[in-house]
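The next block holds one structure in the form of structure tokens; read it before the comments.
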Amino acid sequence: MAAASSVLRCCLLVAALMTLSAMGAEAITRQYLFDVQTTSVTRLCSTKSIVTVNGQYPGPTLFAREGDHVEVTVVNHSPYNMSIHWHGIRQLLSGWADGPSYITQCPIQPGGSYVYRFAITGQRGTLWWHAHISWLRATVHGPMVILPPAGVGYPFPAPHEEVPIMFGEWWNNDTEAVISQALQTGGGPNISDAYTLNGLPGPLYNCSAQDTFKLKVKPGKTYMLRLINAALNDELFFSIANHTLTVVDVDALYVKPFTVDTLIIAPGQTSNVLLTAKPTYPGASYYMLARPYTTTQGTFDNTTVAGVLEYDDPCPTTAAGKIVPIFSPTLPQINDTNAVSNFTAKLRSLASAGYPAAVPQQVDHRFFFTVGLGTHPCAVNGTCQGPNGSRFAASINNVSFVLPATALLQSHFAGKSKGVYASNFPYYPLNPFNYTGTPPNNTNVMNGTKVLVLPYGANVELVMQDTSILGAESHPLHLHGFNFFVVGQGFGNFDPINDPAKFNLYDPVERNTVGVPAGGWVAIRFHADNPGVWFMHCHLEVHMSWGLKMAWLVLDGSRPDQKLPPPPLDLPKC
């Protein structure tokens with residue numbers, strides 16, 4: 001049943017791509033209905049009720065072309081508050097449709113609905129959508145396939161077939177109960193029971209051989225795998241035995257193609273890779289494996305998910321009942337930071353005439369953010385399970401973000417920010433220390449709902465520095481409303497005198513989610529051309545739950561086309 005479901009999804013993708021290809025060059029409005037509901041799903045011989053869209057896990061694929069308008073009517077029939085984020089969509093002048101609860105909108109309450117309306121401007125590739133409240137995105141997520149305009153091809157040979165592959169995590173327990181318990185105790189959450197490929201754990205887990213994603217290929221053909229890491233808490237290595245992968249796109253932005261045996265993909269990131277099948281039938285199958293990369297001192301899901309790459313047999317009648325060997329790839333060690341660094345160093349923007357890299361050459365505002373874990377003190381007479389009896393926390397520049405009771409964008413637009421948020425987010429750490437050396441004695445962080453205000457059109461440079469207060473860890477940071485250029489990165493403490501001279505301002509990779517290296521730093525630049533309130537947060541869900549997030553407020557420009565329009569009439573109320 002599971003394998004049949006995977007085949008059906010691939011067939012639906014092919015049919016949808018053929019339909020889009022047959023349409024003319026005119027941009028159109030594509031309409032979707034997302035019915036958020038509870039659905040019984042069985043994995044690992046355990047059945048539970050999960051929240052889904054349209055009863056599907058993963059959810060339905062949203063198809064569009066660059067230049068199209070999209071309208072998605074979300075009807076909430078679940079017992080939870082809900083909002084949907086269209087991860088990576090720029091949302092130019094449509095910030096009301098971005099989706100993070102209490103940032104750009106109040107959540108859609110049970111029984112309510114909301115129509116997300118946005119245009120796809122200057123973007124093509126693979127993005128994704130997911131719930132953006134609590135841990136509901138564990139099961140409420142799906143791919144977004146954005147094709148180039150009709151008549152415009154890829155800057156590489158067209159593949160024979162395109163296949164979305166979503167990495168995920170599965171808990172036998174209710175994920176809302178998992179994070180609720182962790183926040184109550186102040187300790188780390190219970191780890192997942194399995195990783196998944198397109199919702200299927202695969203044969204390396206107990207009671208799961210029947211729930212295996214299988215990719216059928218024809219000898220000599222090239223396939224484009226649209227990879228999406230929808231896992232809640234883990235960066236993942238991915239490899240296919242005896243095959244190489246050519247990376248052509250990350251976060252819906254073309255890159256200079258390069259070929260690898262293994263890639264790394266962080267939560268929130270996407271990548272299009274080309275897989276060329278062997279020229280003749282090999283008489284074998286091949287595991288597609290993914291397992292975590294982590295440097296954490298705590299517990300994590302140290303398991304491996306497997307799918308199977310199978311070849312069409314040219315002589316199926318003679319091969320009936322024949323068992324073919326299956327080969328497995330060798331993945332890097334779980335803490336192999338060098339493998340991660342070597343992969344990310346290969347990423348470069350295409351920087352061609354058709355797809356230029358518009359890197360801001362001059363900078364108007366420079367910021368330095370520390371990102372990492374810390375603690376909150378346990379309540380008096382309380383019992384907490386964090387470090388030394390404290391509660392786990394996370395922060396940016398020592399501010400652990402607290403979600404407000406009403407949406408920031410609504411408060412800003414109405415001119416009613418008092419008591420909702422403060423506009424004094426620190427530009428740099430107020431108490432500098434040796435960020436990757438001996439940690440300070442005081443590991444406590446402060447709470448706050450603070451935003452950082454930018455004038456419209458500003459060119460921004462931001463350096464994000466990991467800290468080793470509770471151990472060095474990689475933090476994938478996602479910026480809503482913008483793409484940015486990764487102009488530099490390194491290990492140790494950022495050197496503001498010498499490191500900027502090494503920045504790549506010619507063809508740095510452009511993306512919307514970047515990993516701050518464990519024990520290191522990353523520098524990005526972006527142009528603040530999108531008025532509104534834009535969330536920036538760690539895409540490790542546990543760190544975001546602990547407060548590793550903040551918000552940018554980009555003011556309106558002077559022209560009418562630089563101003564955020566009023567909110568839609570059906571915007572949910574708090």
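FYI, side chains are in, hydrogens and waters are out, and symmetry mates aren't considered; it's all heavy atoms of this structure. Being a predicted model, the structure only gives us computed values, none of them experimental.
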Task: Atom pair CD1 (Ile84) and CG (Leu62), whose distance is rounded to the nearest 0.5 Å - done: 11.0 Å
Task: side chain to side chain donor-acceptor pair (under 3.5 Å), paired with Gln31, selected from Glu71, His69, Arg117 - done: Glu71
Task: Test log, rule side chain to side chain contact (heavy atoms under 4.5 Å, CB included), inputs Gln105 and Ser83 - done: CA-CA 8 Å; Gln105 69 167 92; Ser83 70; 3.7 Å; yes
- [ ] Carefully, step by step, assess Asp68 and Arg65 under the rule salt bridge (charged side-chain N to carboxylate O under 4.0 Å, His left out).
- [x] CA-CA 6 Å; Asp68 285 346; Arg65 283 195 181 278; over 6 Å; no
Task: Lys256 versus Leu350, closest heavy-atom pair with distance - done: NZ-O, 3.4 Å
Open item on the list: Please tell me whether Tyr428 and Gln465 have a donor and an acceptor in their side chains that are separated by less than 3.5 angstrom.
Closed with: no
Open item on the list: Using side-chain heavy atoms (C-beta onward) and a distance below 4.5 Å, is Pro257 in contact with Val247?
Closed with: no
Open item on the list: What's the separation between atom OG in Ser341 and atom CD in Gln489, rounded to the nearest 0.5 Å?
Closed with: 6.5 Å
TODO: Check whether any side-chain heavy atom of Glu66 sits under 4.5 Å from a side-chain heavy atom of Val152, and report yes or no.
DONE: no
TODO: Given salt bridge (charged side-chain N to carboxylate O under 4.0 Å, His left out), test Glu162 with Arg226 step by step and report yes or no.
DONE: CA-CA 7 Å; Glu162 303 179 12; Arg226 294 178 175 269; 2.8 Å; yes
Open item on the list: Is a donor from one side chain sitting under 3.5 angstrom from an acceptor on the other, for His478 and Arg511?
Closed with: no
Open item on the list: With no hydrogens and no angle check, just 3.5 Å: does a side-chain donor-acceptor pair link Thr246 and Thr259?
Closed with: yes
TODO: Walk me through it: do Leu33 and Val72 pass the test side chain to side chain contact (heavy atoms under 4.5 Å, CB included)?
DONE: CA-CA 6 Å; Leu33 174 63; Val72 185; over 6 Å; no
Open item on the list: Do Ser400 and Ser395 pair up side chain to side chain, a donor and an acceptor below 3.5 Å, judged on atom types alone?
Closed with: no
Open item on the list: Under a plain distance cut-off of 3.5 Å, with no hydrogens placed, do Asn272 and Thr126 share a side-chain donor-acceptor pair?
Closed with: yes
TODO: With rounding to the nearest 0.5 Å, note down the distance linking NZ in Lys450 to CD1 in Ile396.
DONE: 13.5 Å
Task: Side chains of Asn459 and His365, donor plus acceptor under 3.5 Å - done: no
Task: Heavy-atom pair with the smallest gap, counting every atom of Glu235 and Ser474 - done: OE2-OG, 2.7 Å
Open item on the list: Is the ring pair Tyr32/Phe34 parallel, tilted or perpendicular, if the boundaries are 30 and 60 degrees?
Closed with: perpendicular
Open item on the list: One pair to check against side chain to side chain contact (heavy atoms under 4.5 Å, CB included): Val487 and Ile524. What are the steps and the verdict?
Closed with: CA-CA 6 Å; Val487 297; Ile524 67 173; 6.0 Å; no
Open item on the list: Quick one: does any side-chain atom of Gln123 pair with a main-chain N or O of Gly88 as donor and acceptor, under 3.5 Å?
Closed with: yes
TODO: With rounding to the nearest 0.5 Å, note down the distance linking CG in Asn397 to CE in Met464.
DONE: 11.5 Å
Open item on the list: If I compare all heavy atoms of Pro531 with all of Leu564, which pair ends up nearest, and what's the gap?
Closed with: CG-N, 3.8 Å
Task: Residue pair Asp234, Phe167: steps toward the side chain to side chain contact (heavy atoms under 4.5 Å, CB included) verdict - done: CA-CA 10 Å; Asp234 290 287; Phe167 304 99; over 6 Å; no
Task: More than 12 heavy atoms from other groups under 6.0 Å of CD on Gln361 - done: yes
TODO: For Tyr421 and Tyr102, run ring-ring contact (aromatic ring centres under 6.0 Å, His included): C-alpha distance rounded to whole Å, both residues' side-chain angles, the deciding distance at 0.1 Å, then the answer.
DONE: CA-CA 11 Å; Tyr421 66 86; Tyr102 302 107; over 10 Å; no
TODO: Look at the aromatic rings of Trp96 and Phe413 and report parallel, tilted or perpendicular, splitting at 30° and 60°.
DONE: perpendicular
TODO: Please lay out, stage by stage, how Tyr456 and Trp552 fare under the test ring-ring contact (aromatic ring centres under 6.0 Å, His included).
DONE: CA-CA 12 Å; Tyr456 181 91; Trp552 303 83; over 10 Å; no
- [ ] Over all heavy atoms of both residues, which pair between Phe118 and Ala97 is shortest? Give the atoms and the distance, please.
- [x] CD2-CB, 4.3 Å
Task: Test item: Leu136 and Ile133 side chains (from C-beta on) under 4.5 Å apart, heavy atoms - done: yes
Open item on the list: If you compare all heavy atoms of Pro360 against all heavy atoms of Phe485, which two are closest, and at what distance to 0.1 Å?
Closed with: CD-CD1, 4.0 Å
- [ ] Among Asp98, Asn530, Asn512, find the residue that satisfies the side chain to side chain donor-acceptor pair (under 3.5 Å) test when tested with His480.
- [x] Asp98
Open item on the list: Can a side-chain donor-acceptor contact be found between Ser545 and Trp135 if the only test is distance below 3.5 angstrom?
Closed with: yes
Open item on the list: Quick one: does any side-chain atom of Gln269 pair with a main-chain N or O of Ile265 as donor and acceptor, under 3.5 Å?
Closed with: no
Task: Test item: side-chain donor near acceptor, His141 and His87, under 3.5 Å - done: no
Open item on the list: Is there a side-chain contact between Thr104 and Gln91 in this structure, where contact means two heavy atoms from C-beta onward sitting under 4.5 Å apart?
Closed with: no
Open item on the list: Test ring-ring contact (aromatic ring centres under 6.0 Å, His included) on Tyr154 and Phe156; report intermediate values, then the result.
Closed with: CA-CA 5 Å; Tyr154 298 125; Phe156 47 82; 5.0 Å; yes
Task: Rounded distance (nearest 0.5 Å) linking atom OG of Ser101 with atom CG of Asn81 - done: 7.0 Å
- [ ] Considering non-hydrogen atoms only, spot the tightest contact between Ala231 and Pro267 and give its length.
- [x] O-CB, 3.5 Å
Task: CA sep, side-chain torsions, deciding dist, call: Thr276, Thr222, side-chain hydrogen bond (donor to acceptor under 3.5 Å, both in side chains) - done: CA-CA 4 Å; Thr276 298; Thr222 297; 3.0 Å; yes
Open item on the list: Other residues, nucleotides and ligands only: do more than 12 of their heavy atoms fall within 6.0 Å of NZ on Lys416?
Closed with: no
TODO: Look at the aromatic rings of Tyr427 and Phe367 and report parallel, tilted or perpendicular, splitting at 30° and 60°.
DONE: perpendicular
Task: Test item: side-chain donor near acceptor, His537 and His132, under 3.5 Å - done: yes
